[in-house]
Structure formats: structure tokens, C-alpha cells
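Working notes for the structure below.
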Amino acid sequence: MSKIKDYFANKTNKSVFVPFFTLGDPHYEASVKYGQTILDSGADILELGIPFSDPVADGPVIQRAVARALKNPFDFAKIFQTTKQIHSHKPDRPLVYLTYFNPIYHCGVASFLDQAKDSGVEGLVIPDLPFDTQESEDLFAALEKRDMDLIHLITPATTKRRVQALKKTSSGFIYYVTSFGVTGERREFSLDLEERIRSLKEILQLPICAGFGISSPEQASQIAHYADGIIIGSAIQRIIEESGADTVACCQKLSEYCLSIRNSFP
Amino acid sequence: MGKYEAGYFGEFGGRYAPEILTEALEELESTYRKLKKNKKFQNELNFYLKNYVGRPSPLTYAERLTKEWGGANIWLKREDLNHTGAHKINNAIGQALLAKHMGKKRIIAETGAGQHGLATATVGAMFGLETIIYMGAVDVKRQNLNAKKIEMLGAKILPVTSGEATLKEATSEAMRDWALNVKTTHYIVGSAIGPHPFPTIVRDLQSLIGKETKKQFKKATKQLPDAVVACVGGGSNAIGMFHDFVKDKKVKLYGAEAGGMGQKPGEHSATITFGKTGFLHGTKTLIIQDTNGQIVPAHSVSAGLDYPGVGPEHAYLSTSGRVEYRMVTDEEALASFLEITRLEGIIPALETAHAFHVAKDVAKKLGKKKHLVVCLSGRGDKDVVEVLRILGGGKHE
Ligand SMILES: Cc1ncc(COP(=O)(O)O)c(C=O)c1O
């Protein structure tokens, strides 16, 4: 059984908190501190972004984070080492990588997965790899062999037919994209959010975590009533953007913010 | 490939786009499949191509070039004579009609040289569609005449400042816009790139270049040309020119890609020469990237070739060996730009100038009595200021 599946099965809260930030912003040493702080402040599952030069599914905040991260020479060894350091701080919390498919492809899928697993990573989110491709099927099989998960994205535009079709190759949880567009903080969500999430849960028999646009404790609290998890990226990345240069001050802000989100959950 | 075959050219192509775009891509694919066979739609398209674009474009015998180069007879397929001055309008009209059929009232596009932006802004004006053009901030500067025309036509330019602020970033930004507005908007992709079905749609809409060429050439000489040359950015004019010739094995096909300033990463856009298989902007193709799979910024003196990827069908045609792709440096392209201008009285686009450099070499090797056609993809008005800047100003400064 995958660690992520376990985690959802044993969770005590109604909903889990899944924060996201990009590794290497502004540098890898700071990422270790930020990761550890976020884990100390209520993160259940932590999503770590592996920077890719052309993040087409991301909005301006994460685009800027990636650009800052890539000012450091990109190096997979460094990514895995940083991940390991974050993981060793709270080994019971599953880590997930979010990245685009090209870097994984170039690293070599098997080698990437072995090193990721060894660093404490339990699942992958790949916004530009649709489930209905040969590469996704092969990746799913390779992950399954290692008890790791392939976390698919479902959006308000995903048809019922596609939801049925992706059943076979999804595991861990579903990343439900709450709104049209790219990542970024938003004020409003589609009206049928609750209904969509409930029906997806029923069809897929997987936990559904909602993300894209959530930033305030009020929004998180409201959605946490019916989603199995809340994913927050841009709001956290913005804190790192604004105070990342001062690691101590940034940790303080990250901690306050993450606790405010976690404590808002029912 | 098994069950995932649609939209692949050998191992290249496919649909590697964010999930939010899938429904729109499926809708586009099914609409296109229907309309492709629909007489009324084809008549409508042909009406605009004839009466608005000015097709068929002529095939011109280049007497002075032929003499000067001393080899094969040189023929020019005159896409520069199309309305708005390049092949891009063929695709823009077709896709705008598709947009109308899908009930979309807003169109967006990415542009490098500005020719695709100009073509899209033009059809946007003609069909009364709200039009947004994403253009790298660097390109807004170096292709300022086109940027001004686009705005005059009533379209809005959104300059993109991230990364290298050129075509790659403009493309990413257009994809992001589409993700947000996918219900109301059609994204008119400007080259034979992007997720399926774009490479196929763009190729089909441009394939009239090769079809007309063949007909015109046969009429003039009662045979097929010996060689055909076109420049390759994303590869739309080239695939349009090549498509109908691919099956004619005796016709040699050459693509010219941008060799830029040198062969180090970042100095060129020679995707086929230096690219490796990867995934960018929704397609699996050859891409200039580093060993970690990060995309390396591309460079070319011509904004329209300045892209680190290439249409997947070209990646396929190069690995299958059917088309030979060569790189041409900035300097060689500039020399060809001046040579063609002075010998033929035609100012070619800097993009096209790359094709002429390859044509010169191929023509010499082919020798006399042979025939070579160059796709003159566009005219160079847009490049005059930039060329003068690089060469150090004109006589009447
Ligand atoms: C005149 C001209 N030729 C060629 C190109 C390159 O595009 P493609 O390779 O899609 O034909 C451009 C692009 O802007 C162009 O303006």
C-alpha cells in the first residue's frame, strides 16, 4: 500500500493540508529550512516543485519562483539531496514532486523514480502529461512497481468520459483544479465545486484534494468541509518571494501562514 | 505506438497539454475533421484565399539569380505577395473560420516576427473578432513595424517580459491565456507546432503552397522540380511546401534552420541539428535543451526562427531522412538578404533569407538544366530597420 494512501486512510482531520513551493527559490539551503518549517506548521503532504524553464500551467508567482530557482545552476543531485534533508525532518509526512515531464524524461524515468523514492518522495504530479498518453501509462506502471503514486489533475472542463478513463491509472489522490486558467490566487471558485468534488470521490474512490487559487484561511476552511485536502501554492510562494532573502524572517511568516490555514480546517 | 496514434508523426507529436485544454483540443479536432470534408466550408475558405489573400500566389522564374549562381534554374513561390506579406495568412484565415464555426468570439495568437500576429489581427478585424496577440517584449522592439500594424488593426498586443522575452515565452503566455478563457476563445497557433491537432491543421492549411507550386511548375516545365527549399522556424511554410512533394521521392527537400551566431547552446535555433527529443508546448519533438531537460534559449537574427522547438512532423521527416535540414548563420542570412534584394528586386524576410543561402549551395551542386524552387515565405519590409541597424545604418541617415 502506498504511503499516501495510508496517510489518507489514517488521517484524523476531515481534510489534509498540502502546501507547495519550488525547490531552489532563492537557493537550495533556504529550501531545506522552508520545507522543514512548513512541515512543522501543519503540512500533511508537502509538494515540492522541481523547476522547469517553461511552466505553462503556472501563473506569474510560480513562474517568477522558477526563474529565481533556475538562477542557481540546476542539478538533479542537488534536488534529491535537498528533498532528503526535508524528508528526514518529518519522515512520516509523504512528499510529492510537482514538475513538467521534460526534466523527468531527460533524467530517465527509472533513474528519476529510484532517486525520488530514495529521497522520500511518494508521488508525482505532472501538469503537462495527460493520462491518455503512452508515457503516462508507462510511468504509472513504473511508479506502481515502487509503491509510488501518479496523481492526475482533473479540471472543471474534464468530461465524465475522461474521468472514467483515467480511473485505471490514477492513485494516491486526485488533484482537482478548482478553476480555469493557471495557478495563482483567486477570489472566486466555480459554484458547483462541492458537487463536482463529491461526485468525483464517488466515481474514483480516491481522496480529492482541491487546488489552484486557494489562498485565505476562509477559502481553505470552506472547501475543507468537503474536499479531502487543500493544496496551496502561490500564496506560499509569494511569502518566499517577499521575504525569502531573509531565511529566519521568512520561516516565521511561513509558519504563521501555514498554521492559520491548518487551524481553519474543520 | 499502439492505441495512442492520433496526432503522431513516427514517435513525434501527440498531445501533452494541461488537462484544462483537453476538451477544447478535442472539440477543435472533431470540428476540424467535419469541416475538412464539408464542401461549404471549403468553398468559404477558398473564397477568402482567392479574394482576400490573393491566391494563388505566383511562381516566379528568378533569371538573375539563376545566372549569378550558375547552377540550377531558380524558381520562387511568392508567399510574399499574399495580403499581409507572408504565408501566415493562409493559416490565420482557416483557423479564424474554424473559430467562427465553433462559436468563439475571441481569438488569441503568439507571434515572433509579427507576421502571424499581423495575419491574426487582420482576420480578427475582417471577421469582427476580439483579438489578443502575445509577443515577446524583445520582438515588439525588433519587429516594431508589425507591432504598430497589429495595434492599428484593432488587436491588443500583450508584451511578454519573462525569460528571453521572445517567441517561446509568447507561446507559453498564449497557452496560459487559453487555459483561462478556453470556453470563449480560440488559440490560433501560428506554426506547425503545439498539441494535436494543431500541427495537422496548420500543415493542411499551408499545404496549398506545395500543391499550387506543383501545378504551376508542371504547367511551366511539364515536370517536377529537382529540389525544393524552405526555411524552418516552427516549420509551417516548410511543411506547407513539402507536404505534397513528400511522396515524390525524386524531389529533394531541404529545410533551412537558424544557425545564429555560433554552435554553442544559446547562440542558435538549429533545433533539428542540435535538438534532442523532449516535450514542449504540448508536443513531443526535437528541442534545444540541456542535459537536465531545461529548455535552452534560442537565438536568431530573424525573430520568426527564434524558437527552441520545431514542428513534430519535421522532427519525423528529419529522422526518416526524407528532408535534409541545414543550418544557416545570421551572417549568411544577412548576406543572402542583400543578394536577393539586389539581384531580383525582392526584399525577402530574414527568415526566408536563410532558405536562399541553402538554395544557393544546392543550386550550384545540382548544376544547369535542373530546377529548384524556393519558398519565399514572406517579404522583408518588417526587417529593413533591423538589418540597417545591424549593418550600421543606411546612406540617408
Ligand atoms: C516570413 C516568415 N517566414 C518564415 C517564418 C517561420 O515560421 P514557419 O517556420 O512556421 O514558417 C516566419 C515566422 O514568423 C515568417 O514571418
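By convention in this document, chain letters (A, B, ...) are assigned in the order of the sequence lines, proteins followed by strands, and residues within each chain are numbered from 1.
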| field | Under 4.5 Å from any heavy atom of chain B - which part of A:Ser179 | value | backbone
| CD (B:Glu27) with more than 12 external heavy atoms under 6.0 Å | yes
| message | What part of A:Phe74 gets within 4.5 angstrom of chain B, counting heavy atoms only: side chain, backbone, both, or neither? | response | both
| Between A:Pro130 and B:Ala17, which heavy-atom pair has the shortest distance, and what is it? | CG-O, 3.6 Å
| field | Contacting moiety of A:Pro60, where chain B heavy atoms sit under 4.5 Å | value | neither
| Short question: side chain of A:Asn102, backbone of B:Phe279 - any donor-acceptor pair under 3.5 Å? | yes
| Which residues pass the side chain to side chain contact (heavy atoms under 4.5 Å, CB included) test with B:Val138, sequence neighbours left out? | B:Arg142, B:Ala165, B:Thr166
| Engaged part of A:Leu70 at the chain B interface, taking heavy atoms whose separation is under 4.5 Å | side chain
| query | Where along residues 257-265 of chain B does a heavy atom come under 4.5 Å of chain A, listed by residue number? | reply | none
| remark: If one checks every heavy atom of A:Arg64 against chain B at 4.5 Å, the contacting part turns out to be neither
| query | Between B:Thr291 and A:His106, does a side chain to side chain contact (heavy atoms under 4.5 Å, CB included) hold up when you go through it step by step? | reply | CA-CA 7 Å; B:Thr291 51; A:His106 273 268; over 6 Å; no
| field | Proximity breakdown for A:Thr133 and chain B, heavy-atom pairs closer than 4.5 Å | value | both
| Got a sec: does the NZ of B:Lys156 have more than 12 other heavy atoms crowding it under 6.0 Å? | no
| task | First locate atom CD of B:Gln289, then atom OG of A:Ser53, and finally report the distance between them rounded to the nearest 0.5 Å. | result | 8.5 Å
| note | With sequence neighbours left out, the residues meeting side chain to side chain donor-acceptor pair (under 3.5 Å) with B:Glu173 are B:Arg176
| message | Counting only non-hydrogen atoms closer than 4.5 Å, does B:Thr171 touch chain A with its backbone (N, CA, C, O), its side chain (CB onward), both, or neither? | response | neither
| Under a 4.5 Å cut-off applied to non-hydrogen side-chain atoms, are B:Pro18 and A:Val56 in contact? | yes
| query | Can you tell me if A:Thr155 and B:Glu19 form a side-chain donor-acceptor pair at under 3.5 Å? | reply | no
| How far apart are the C-alpha atoms of B:Lys3 and A:Glu137, what are their side-chain angles, what is the distance that settles it, and do they pass the side chain to side chain contact (heavy atoms under 4.5 Å, CB included) test? | CA-CA 11 Å; B:Lys3 65 181 169 180; A:Glu137 243 179 56; 2.9 Å; yes
| query | Thinking salt bridges, do B:Glu26 and A:Arg161 make one under a 4.0 Å N-O criterion? | reply | yes
| note | Greatest number of non-hydrogen atom pairs under 4.5 angstrom with chain B, of A:Val177, A:Thr158, A:Leu129, falls to A:Thr158
| message | Among B:Asp290, B:Val296, B:Ile287, B:Thr277, which residue has the highest count of heavy-atom pairs closer than 4.5 Å to chain A? | response | B:Thr277
| message | If the condition is side chain to side chain donor-acceptor pair (under 3.5 Å), which residues does B:Tyr16 pass it with, not counting sequence neighbours? | response | A:Glu135, B:Tyr8
| Which bit of B:Leu280 is near chain A, if near means a heavy-atom gap under 4.5 Å: side chain, backbone, both or neither? | side chain
| Quick one: what part of A:Asp132 sits under 4.5 Å from any heavy atom of chain B, side chain, backbone, both or neither? | both
| For B:Tyr316, does the OH atom sit with more than 12 other heavy atoms under 6.0 Å from it, leaving out its own atoms? | no
| field | Flag side-chain contact, heavy atom, 4.5 Å: B:Asn292 against A:Phe76 | value | yes
| request: Looking only at non-hydrogen atoms, find the nearest pair between B:Ile20 and A:Pro156 and report the distance. | output: CD1-CD, 4.2 Å
| message | Under the criterion side chain to side chain contact (heavy atoms under 4.5 Å, CB included), I'd like the reasoning laid out for B:Ile295 against A:Phe52: C-alpha separation, chi angles, the key distance, then a yes or no. | response | CA-CA 8 Å; B:Ile295 313 304; A:Phe52 174 56; 3.8 Å; yes
| query | So, does A:Asp54 use its side chain to make a donor-acceptor pair with the main chain of B:Ser172 at under 3.5 Å? | reply | no
